[in-house]
Amino acid sequence: NIRPTNSVTANLNYFMPGKLWGDHAFKIGGYWRDNYARTISVTGGHATARFPTSVSNDCAALAAANPNDVTRWCAANLTRDGDTIYTLANMSAYVQDTLTHGRATFQLGLRYDYNHDKALASSITANPILPEWLPAISSGGVDPSVRFHDFSPRLGVTYDINGNGKTIAHANFARY
């Protein structure tokens, strides 16, 4: 597997005490990622032999002894190598405010995520044992033109019931 990733992340914290109804702790940030992935699969010898018994691997004798029972014959799984290549673009941005006023603390936030993936062009050679059954193939790639734009709100409140920090009530709503 080959999976290089390019990314840029930025985060900013800003504290604003005693303004606009309380103390604020703002968090603002986001990231950009460009993910590339390539997976190559290979079966040694381009085939796997299967023998129905561990006692004998004499395929001709097994077939002659069991002419009507194909489960007693020897078999081979032919395989073609695989090569899958795709990219995935991710972008995210968020803003959050933690507001403290008296015994109450409020978390107010919004996050935006964008995802877009596509399969890139790839090709693979034929199976050398039976190329007429498993010929060389290629794909020009596919862009499904599906892009996800997700907005995720985050809302929460914490209240110090007795004012001593020992007993709190907490409620939270978030979408991920």
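None of the values given here were measured: they were computed from a predicted structure. We number each residue from 1, following the sequence as shown.
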Trainee: Leu155 and Leu108: side-chain contact (heavy atoms from CB on, under 4.5 Å), yes or no, with the steps?
Mentor: CA-CA 5 Å; Leu155 306 168; Leu108 310 166; 3.9 Å; yes
Trainee: Please say yes or no: joined through hydrophobic side-chain contacts below 4.5 Å, possibly via intermediate residues, are Leu134 and Ile129 part of one cluster?
Mentor: yes
Trainee: Okay, side chain of His46, backbone of Val42: is any donor-acceptor separation there less than 3.5 Å?
Mentor: no
Trainee: Taking the side chain as C-beta and beyond, is there a heavy-atom pair between Asn115 and His149 under 4.5 Å?
Mentor: no
Trainee: Determine the minimum heavy-atom distance between Ile85 and Ala121, stating which atoms define it.
Mentor: CD1-O, 3.6 Å
Trainee: Shortest non-hydrogen contact from Leu20 to His24?
Mentor: O-NE2, 3.1 Å
Trainee: About how many Å separate OG of Ser123 and CG of Asp81, when rounded to the nearest 0.5 Å?
Mentor: 11.5 Å
Trainee: Is it the case that the side chains of Thr105 and Thr158 hold a donor-acceptor pair, with the cut-off being a distance below 3.5 Å and no angle test?
Mentor: no
Trainee: Okay, side chain of Ser7, backbone of Trp32: is any donor-acceptor separation there less than 3.5 Å?
Mentor: no
Trainee: Can Ser122 and Asp83 be counted as having a side-chain donor-acceptor contact under 3.5 angstrom?
Mentor: no
Trainee: Asn90 and side-chain hydrogen bond (donor to acceptor under 3.5 Å, both in side chains): which partner among Asn35, Asp113, Thr5?
Mentor: Asn35
Trainee: Could you tell me the separation between the CZ atom of Phe26 and the CZ atom of Phe15, rounded to the nearest 0.5 Å?
Mentor: 11.0 Å
Trainee: Test side-chain contact (heavy atoms from CB on, under 4.5 Å) on Asn162 and Lys166 and set out the steps.
Mentor: CA-CA 8 Å; Asn162 297 319; Lys166 291 184 178 180; 5.9 Å; no
Trainee: Quick one: pull up NE2 in His116 and CG in Asp34 and give me the separation to the nearest 0.5 Å.
Mentor: 11.5 Å
Trainee: Between Phe173 and Arg154, is a side-chain contact (heavy atoms from CB on, under 4.5 Å) present by the stated rule, with each step listed?
Mentor: CA-CA 6 Å; Phe173 170 80; Arg154 298 191 178 158; over 6 Å; no
Trainee: From Trp21 CH2 over to Thr100 OG1, what is the distance, rounded to the nearest 0.5 angstrom?
Mentor: 10.5 Å
Trainee: Does Ile168 belong to the same Ile/Leu/Val/Met/Phe/Trp/Tyr cluster as Ile161, with side-chain heavy atoms less than 4.5 Å apart forming each link?
Mentor: no
Trainee: Rounded to the nearest 0.5 Å, how far does OH of Tyr86 lie from CZ of Arg38?
Mentor: 13.5 Å
Trainee: Locate the shortest heavy-atom distance separating Asn11 from Thr9; write the atom from each residue and the value.
Mentor: ND2-CG2, 3.6 Å
Trainee: If you take all heavy atoms of Asn127 and Leu130, which pair is closest and at what distance?
Mentor: OD1-N, 3.1 Å
Trainee: Are the side chain of Ser41 and the backbone N or O of Gly82 linked by a donor-acceptor pair below 3.5 Å?
Mentor: yes
Trainee: Do Met91 and Val8 belong together in a cluster built from hydrophobic side chains that touch within less than 4.5 Å?
Mentor: yes
Trainee: Pair Arg80, Ile137 - check side-chain contact (heavy atoms from CB on, under 4.5 Å), show working.
Mentor: CA-CA 10 Å; Arg80 175 180 23 231; Ile137 58 171; 3.8 Å; yes
Trainee: Do the non-hydrogen side-chain atoms of Tyr36 and Arg3 ever get within less than 4.5 Å of each other?
Mentor: no
Trainee: Give the minimum heavy-atom separation between Ala126 and Ala136, together with the two atoms involved.
Mentor: CB-N, 3.3 Å
Trainee: Name the orientation class of the two ring planes belonging to Phe151 and Tyr112 (parallel below 30°, tilted from 30 to 60°, perpendicular beyond 60°).
Mentor: tilted
Trainee: Nearest 0.5 Å please: distance from the CD atom of Gln107 over to the CG atom of Asp97.
Mentor: 9.5 Å
